Amino acid sequence: MKINYRQVTFAREYRGYSQSQLADNISGLSQPNLSKYEKGFNSLSDDLVLSIIDFLGFPISWLYQNISNIPENAHYRKRATLSKKDKTSIEFGNRLIGYIVDQMSDSIDWPEFKHIPMDIQEGHTPKSIAKYARKVLGLNNGVAIADIFTLLENKGIVVIEIDVHPKFDGVSFITDGGTPIIILNKNFNNDRKRRTLAHEYGHILMHCYFPIPEYRTEKIREAEVEIFTSEFLMPEEHVSKMISNLKLGDLVELKRYWLTSMSSIVRRAKDLGYISPDRYTYFNIELSRGGRSDDLVEVYIDEPNLFKEAYKLHKEELGYSDVDLANAFNIPTDAIVDYLNPPSLRLVHNLKKHY
């Protein structure tokens with residue numbers, strides 16, 4: 001049986017089993033032999049491989065797929081406190097979502113990616129790229145970004161919200177089939193979602209389409225994206241006049257205008273030199289007291305629709321059930337339920353069927 005042994009590793013990691021835990025559940029399987037197999041040595045019988053994949057709840061056809069979808073820009077809060085098991089499960093789940101997006105491409109056309117990624121190594125800066133991005137999205141410099149999901153999706157980025165571990169913020173990558181996607185945690189408040197979307201959008205424009213030299217470490221790339229994010233959400237030319245004499249009492253209205261967190265506004269004022277480090281500390285202490293917490297002031301945000309609409313098209317127009325989709329995509333039915341069965345959907349017209 002000529003199969004892709006990496007698919008066994010993928011299924012195991014997706015289900016959250018260590019090699020030892022899986023071996024304990026499969027008669028005749030040892031951890032050393034499983035380890036050899038996952039490294040590319042043919043040390044397991046076909047029957048044993050089938051027992052493994054059956055236990056993990058994946059169809060046999062899964063073993064013949066070839067999935068990469070390596071997300072290099074995963075964004076976590078307090079990554080060091082996230083267990084290796086949880087982090088691995090999240091990352092393989094994101095890779096599976098990328099695979100589903102590509103599988104859907106056999107039936108639909110995702111909107112064309114209407115950007116020109118810009119390489120920092122060719123003289124562009126995060127700030128200039130943010131200005132370019134706003135221009136591409138049709139935003140005047142002084143306008144807050146209200147319908148951020150819709151703007152990004154209309155320009156060809158598939159955005160997907162998932163119910164996931166609270167320490168995961170978001171990730172961006174180009175799927176094996178060439179579609180740029182952003183996956184983010186649906187459970188956060190709107191200003192945090194907005195900043196995460198902008199952050200991942202910056203990765204797509206600056207990092208996902210170019211080879212990154214070793215000297216541009218993750219720390220450097222994250223610093224570049226933070227500059228992009230701040231300029232994209234709150235352009236210096238227009239936010240400066242609002243924060244040049246920043247007072248604590250200004251923050252609620254500034255949040256409502258720019259649709260960003262109060263803490264982001266305070267950080268912007270510090271980065272642009274309008275408040276001192278001591279004053280910055282004072283603002284953050286006051287915000288942490290609770291009476292002026294960001295959680296007390298919610299801001300508007302729209303919703304992503306491309307992924308949900310693609311599911312609706314497959315179900316209602318192409319006649320697939322969830323089981324049919326799972327069979328067609330060579331994945332477990334529970335993955336369809338987890339990622340493709342949202343509570344409500346509304347029509348989006350820029351998906352085209354293939355016949």
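By convention here, the first residue in the shown sequence is residue 1. As the structure is a computational prediction, the values presented were derived from the model and not from experiment.
- Remark: Glu91 engages Lys87 in a salt bridge, criterion side-chain N to carboxylate O under 4.0 Å.
- Electrostatic pairing of Glu112 and Lys155 does not count as a salt bridge here, judged by no charged N lying under 4.0 Å from a carboxylate O.
- No side-chain heavy atom of Leu63 sits under 4.5 Å from any side-chain heavy atom of Tyr5.
- Between Tyr339 and Phe307, a ring centre-to-centre spacing not shorter than 6.0 Å is recorded.
- For Asp176 (side chain) and Ser68 (main-chain N/O), a donor-acceptor pair under 3.5 Å exists by modelled atom type.
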Evaluation steps, side chain to side chain contact (heavy atoms under 4.5 Å, CB included), between Phe10 and Leu96: CA-CA 9 Å; Phe10 195 124; Leu96 187 60; 4.3 Å; yes
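- In plain terms, the two heavy atoms of Ile26 and Ser51 that are nearest each other are CD1-O, 3.9 Å.
- By the 4.5 Å heavy-atom criterion applied to side chains, Thr333 and Leu325 are not counted as neighbours.
- Contact check on Arg256 versus Glu253 returns a salt bridge, with a Lys/Arg side-chain nitrogen under 4.0 Å from an Asp/Glu carboxylate oxygen.
- Both the sub-6.0 Å distance and the 45° axial angle are satisfied by Lys270 relative to the ring of Tyr280.
- Contact annotation: the side chain of Val101 approaches that of Ile160 to within less than 4.5 Å [non-hydrogen atoms, C-beta and beyond].
- Asn33 is linked by a side chain to side chain donor-acceptor pair (under 3.5 Å) to Ser30, counting only residues two or more places apart in sequence or in another chain.
- Of the possible polar contacts, one joining the Arg134 side chain to the Phe232 backbone as a donor-acceptor pair under 3.5 Å is found.
- Salt bridge annotation for Arg221-Glu218: absent, with no cationic side-chain nitrogen under 4.0 angstrom from a carboxylate oxygen.
- Remark: Arg15 is not positioned above the aromatic ring of Tyr17, lacking an NZ or CZ atom under 6.0 angstrom from the ring centre and at most 45 degrees off the axis.
- Side-chain contact between Phe188 and Asn185 is present, with at least one heavy-atom pair separated by less than 4.5 Å.
- Put simply, the side chain of Lys308 gets close to the backbone of Pro304: a donor and an acceptor are under 3.5 Å apart.
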Any chance you could lay out the side chain to side chain contact (heavy atoms under 4.5 Å, CB included) test for Lys127 and Phe228, step after step, and finish with the verdict? CA-CA 5 Å; Lys127 184 175 178 179; Phe228 169 93; over 6 Å; no
After noting the C-alpha distance and the side-chain angles of Ser107 and Leu318, does the key distance pass the side chain to side chain contact (heavy atoms under 4.5 Å, CB included) rule? CA-CA 9 Å; Ser107 302; Leu318 301 179; 3.8 Å; yes
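- Put simply, the side chain of Ile52 reaches to within 4.5 Å of the side chain of Leu44, judged on heavy atoms.
- Within the model, atoms OG of Ser45 and CG of Leu48 stand 4.5 Å from one another, a figure rounded to the nearest 0.5 Å.
- Proximity of a side-chain donor or acceptor of Tyr99 to a complementary backbone N or O of Phe329 within less than 3.5 Å is detected.
- Between the side chains of Ser18 and Ser20, no donor-acceptor pair of N or O atoms lies under 3.5 Å.
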May I have the step-by-step check of salt bridge (charged side-chain N to carboxylate O under 4.0 Å, His left out) for Glu161 and Lys193, ending in yes or no? CA-CA 10 Å; Glu161 289 189 296; Lys193 285 184 182 181; 2.8 Å; yes
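- Here the CE-NE2 distance, from Met104 to His314, works out to 5.5 Å after rounding to the nearest 0.5 Å.
- Within the 4.5 Å cutoff, the side chain of Leu259 has no heavy atoms near those of the Ile301 side chain.
- Between atom CH2 of residue Trp258 and atom CG of residue Asp191 there is a gap of 15.5 Å, rounded to the nearest 0.5 Å.
- Looking at Thr175 and Asp102, their side chains do bring a donor and an acceptor atom within 3.5 Å of each other.
- In this structure a side-chain-to-backbone donor-acceptor pair under 3.5 Å is present from Glu153 to Asn305.
- Under the rule for a side chain to side chain donor-acceptor pair (under 3.5 Å), Tyr209 has no partner lying at least two apart in sequence or in another chain.
- A donor-acceptor pair shorter than 3.5 Å cannot be found between the side chains of Gln65 and Gln7.
- Once rounded to the nearest 0.5 Å, the distance linking CG of Leu152 with CD of Glu200 reads 11.0 Å.
- Look at Arg216 and Glu224 and you find a salt bridge, because one of the NZ, NE, NH1 or NH2 atoms lies within 4.0 Å of a carboxylate O, short of that distance.
- Shown here are the ring pair (Phe, Tyr, Trp, His ring centres under 6.0 Å) partners of His115, two or more places apart in sequence or in another chain: Phe113, Tyr201.
- Judged purely by atom type and a 3.5 angstrom limit, Glu303 has no side-chain atom pairing as donor or acceptor with the backbone of Phe149.
- Using a cutoff of 4.0 Å between basic side-chain nitrogens and carboxylate oxygens, Arg192 and Asp169 are scored as salt-bridged.
- With sequence neighbours excluded, the residues that form a side chain to side chain donor-acceptor pair (under 3.5 Å) with Ser61 are Asn330.
- Between Asp271 and Arg267 there is a salt bridge, with a side-chain nitrogen of the basic residue lying less than 4.0 Å from a carboxylate oxygen of the acidic one.
- Remark: Tyr274 engages Ser240 in a side chain to side chain donor-acceptor pair (under 3.5 Å) (not counting sequence neighbours).
- Using a 4.0 Å cut-off between charged nitrogen and carboxylate oxygen, Glu38 and Arg6 do not count as a salt-bridge pair.
- At a threshold of 4.5 Å between side-chain heavy atoms, the hydrophobic network of Ile, Leu, Val, Met, Phe, Trp and Tyr places Val252 and Ile243 in one connected group.
- Salt bridge annotation for Asp86-Lys167: absent, with no cationic side-chain nitrogen under 4.0 angstrom from a carboxylate oxygen.
- Note that CZ of Arg195 is 6.0 Å distant from CG of Leu233, once rounded to the nearest 0.5 Å.
- Judged by distance alone, the side chain of Thr88 and the main-chain N or O of Lys85 form no donor-acceptor pair under 3.5 Å.
- A heavy-atom distance below 4.5 Å is found between the side chains of Glu226 and His199.
- From Ile145, atom CD1 reaches atom CG of Leu137 across 7.0 Å, with rounding to the nearest 0.5 Å.
- Counting only distance, with no hydrogens or angles, the side chain of Thr229 and the backbone of Val225 share a donor-acceptor pair below 3.5 Å.
- Nearest approach of Ser172 to Cys208, heavy atoms of both residues: O-SG, 4.1 Å.
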Please assess Val159 against Leu306 for the test side chain to side chain contact (heavy atoms under 4.5 Å, CB included), listing each intermediate value before the final yes or no. CA-CA 7 Å; Val159 186; Leu306 285 179; over 6 Å; no
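- With sequence neighbours left out, Tyr14 forms a ring pair (Phe, Tyr, Trp, His ring centres under 6.0 Å) with Phe58.
- Side chain to side chain, Asp322 and Tyr311 meet the donor-acceptor criterion of an N or O pair below 3.5 Å.
- Counting only heavy atoms from C-beta outward, the side chains of Leu251 and Leu246 approach each other to under 4.5 Å.
- The main-chain N or O of Ile116 is found under 3.5 Å from a side-chain atom of Tyr132 such that the two form a donor-acceptor pair.
- Contact check on Arg268 versus Glu236 returns no salt bridge, with no Lys/Arg side-chain nitrogen under 4.0 Å from an Asp/Glu carboxylate oxygen.
- Side chain to side chain, His203 and Glu222 meet the donor-acceptor criterion of an N or O pair below 3.5 Å.
- A donor-acceptor contact shorter than 3.5 Å links the side chain of Asp302 to the backbone of Thr150.
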